[in-house]
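Step one of this worksheet: look at the structure below.
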Amino acid sequence: MDKKSLNKIFLSASIPTQYRDKVFYDTTDIIAIRDSVRALATVIIPKIQLIWGGHPSITPLIAHVMNRMDRNFNEHVSVYQSHFFDNNIPNIDIIPERITYTPSLTTQEESLNVMRVSMLKNNDFKAGIFIGGMDGILIEYELFCKYNPKAIVLPVATTGGAAKMIFQKKSHLYDPKLATDYAYMALFERLLSQIINN
């Protein structure tokens, strides 16, 4: 399949730490975050292009799923990475041409903003999935909605953190199962069926 014809789904995810903002950490379910990321990758990578900002706790989970697949699906993933983090990129088996590097600016915040805008403005996403996370997920949610207003938005509230906050703020907009269902593969297959099967 020509990679240009693949529908694109954005993943915003991270695992909150207790050493930063406790408001995110206190609701976090780390096992749920890991399970949901692995389930999402398993469900969509064979048919969809998954795009995310490189993160040391998330990228290895997706790489693990890909390594277990019988075929090479490198054309189905694309990672954005800021040069600000050149010394902290995890050692993963994703071919370099599928990583889009963005400039390193004076501060981490400025560098991340450039990366996020580039990633979310320059891709036509059909859906955005928000899992766990801290303030960065909230920022990516706002940018995603700004640049992809017609896309499906799925904040997986069972994973806690920022995703739960997004869901609770506008729960009337989202499928209630996002706040109760831990059977992630079936959940994603159902909620993304039109995109996956298109």
Side-chain angles (χ1 to χ4, degrees), residues 8-44 50-65 77-82 84-85 88-90 92 102 107-121 123 125 127-148 151-171 173-175 177-182 184 187-188 191-192:
K8 296 177 181 180
I9 289 180
F10 171 63
L11 170 63
S12 178
S14 70
I15 299 176
T17 65
Q18 60 183 321
Y19 307 108
R20 289 182 60 186
D21 196 332
K22 281 181 62 64
V23 70
F24 299 110
Y25 180 79
D26 286 348
T27 64
T28 295
D29 186 333
I30 295 175
I31 293 174
I33 292 173
R34 291 173 175 161
D35 287 349
S36 60
V37 169
R38 285 191 291 253
L40 179 68
T42 301
V43 166
I44 72 171
L50 182 63
I51 298 175
W52 71 99
H55 192 283
S57 66
I58 300 302
T59 303
L61 293 175
I62 299 171
H64 175 71
V65 171
V77 298
S78 184
V79 181
Y80 277 71
Q81 184 73 54
S82 171
F84 187 89
F85 300 102
N88 296 305
I89 298 175
I92 55 172
T102 56
T107 67
Q108 176 175 316
E109 182 178 357
E110 292 172 326
S111 300
L112 282 172
N113 186 62
V114 167
M115 183 201 75
R116 287 168 172 149
V117 170
S118 176
M119 176 171 58
L120 296 170
K121 185 177 181 180
N123 289 288
F125 289 109
I129 317 297
F130 299 85
I131 294 174
M134 297 182 284
D135 51 340
I137 273 64
L138 298 179
I139 294 169
E140 290 179 357
Y141 167 78
E142 295 295 336
L143 289 171
F144 181 84
C145 293
K146 175 182 178 180
Y147 293 119
N148 300 271
I152 295 171
V153 175
L154 302 180
V156 187
T158 52
T159 61
K164 185 173 183 178
M165 291 180 180
I166 293 168
F167 180 91
Q168 290 177 333
K169 187 174 182 180
K170 297 181 179 179
S171 60
L173 297 178
Y174 308 120
D175 190 301
K177 288 288 189 181
L178 288 166
T180 60
D181 196 345
Y182 290 82
Y184 294 118
L187 182 67
F188 291 135
L191 296 178
L192 297 170

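These figures come from a predicted structure and were not determined experimentally. Positions are given from 1 along the sequence.
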First locate atom [atom1] of [X], then atom [atom2] of [Y], and finally report the distance between them rounded to the nearest 0.5 Å.
X: Ile9; Y: Asn123; atom1: CD1; atom2: CG; value: 12.5 Å
X: Ile51; Y: Phe125; atom1: CD1; atom2: CZ; value: 4.0 Å
X: Thr158; Y: Asp181; atom1: OG1; atom2: CG; value: 7.5 Å
X: Asp29; Y: Ile131; atom1: CG; atom2: CD1; value: 12.0 Å
X: Asn148; Y: Phe10; atom1: CG; atom2: CZ; value: 9.0 Å
X: Leu61; Y: Leu11; atom1: CG; atom2: CG; value: 10.0 Å

Considering all heavy atoms of both residues, which atom of [X] and which atom of [Y] are nearest to each other, and what is their separation?
X: Ile137; Y: Ala163; value: CG2-N, 4.4 Å
X: Gly133; Y: Pro16; value: O-CG, 3.4 Å
X: Trp52; Y: Met119; value: C-SD, 3.6 Å
X: Ser57; Y: Ser14; value: OG-CA, 4.3 Å
X: Val153; Y: Cys145; value: CG2-SG, 4.3 Å
X: Arg116; Y: Glu140; value: NE-OE2, 3.0 Å

Under the 3.5 angstrom rule, does the side chain of Thr27 hit a backbone N or O of Gly161 as a donor-acceptor pair? yes
I'd like to know if the side chain of Asp175 and the backbone of Lys177 have a donor-acceptor N/O pair within less than 3.5 Å. yes
What I'd like to find out is whether the side chain of [X] reaches to under 4.5 Å of the side chain of [Y], using heavy atoms alone.
X: Ile129; Y: Leu192; answer: yes
X: Val117; Y: Tyr147; answer: yes
X: Pro155; Y: Leu178; answer: yes
X: Phe144; Y: Ser12; answer: no

Side-chain donor/acceptor pairs under 3.5 Å, residues 31-41, sequence neighbours excluded:
residue : atom : partner : partner atom : Å
Asp35   : OD1  : Arg38   : NH2          : 3.0
Ser36   : OG   : Ala32   : O            : 2.9
Ser36   : OG   : Ile33   : O            : 2.9

Please determine whether side-chain contact (heavy atoms from CB on, under 4.5 Å) holds for the pair Phe24 and Asp135, giving the CA-CA distance in whole Å, both sets of side-chain angles, and the decisive distance to 0.1 Å. CA-CA 8 Å; Phe24 299 110; Asp135 51 340; 4.2 Å; yes
Test side-chain contact (heavy atoms from CB on, under 4.5 Å) applied to Val79 and Ile62, step by step: CA-CA 11 Å; Val79 181; Ile62 299 171; over 6 Å; no
Run Phe188 and Thr42 through side-chain contact (heavy atoms from CB on, under 4.5 Å) and show every step you take. CA-CA 10 Å; Phe188 291 135; Thr42 301; over 6 Å; no
Take Val43 and Tyr184, measure what side-chain contact (heavy atoms from CB on, under 4.5 Å) needs, and give me the verdict at the end. CA-CA 9 Å; Val43 166; Tyr184 294 118; over 6 Å; no
By salt bridge (charged side-chain N to carboxylate O under 4.0 Å, His left out), which residues pair with Lys22, not counting sequence neighbours? Asp26
Counting only heavy atoms from other residues, nucleotides and ligands, does the tally under 6.0 Å from CD of Glu109 exceed 12? no
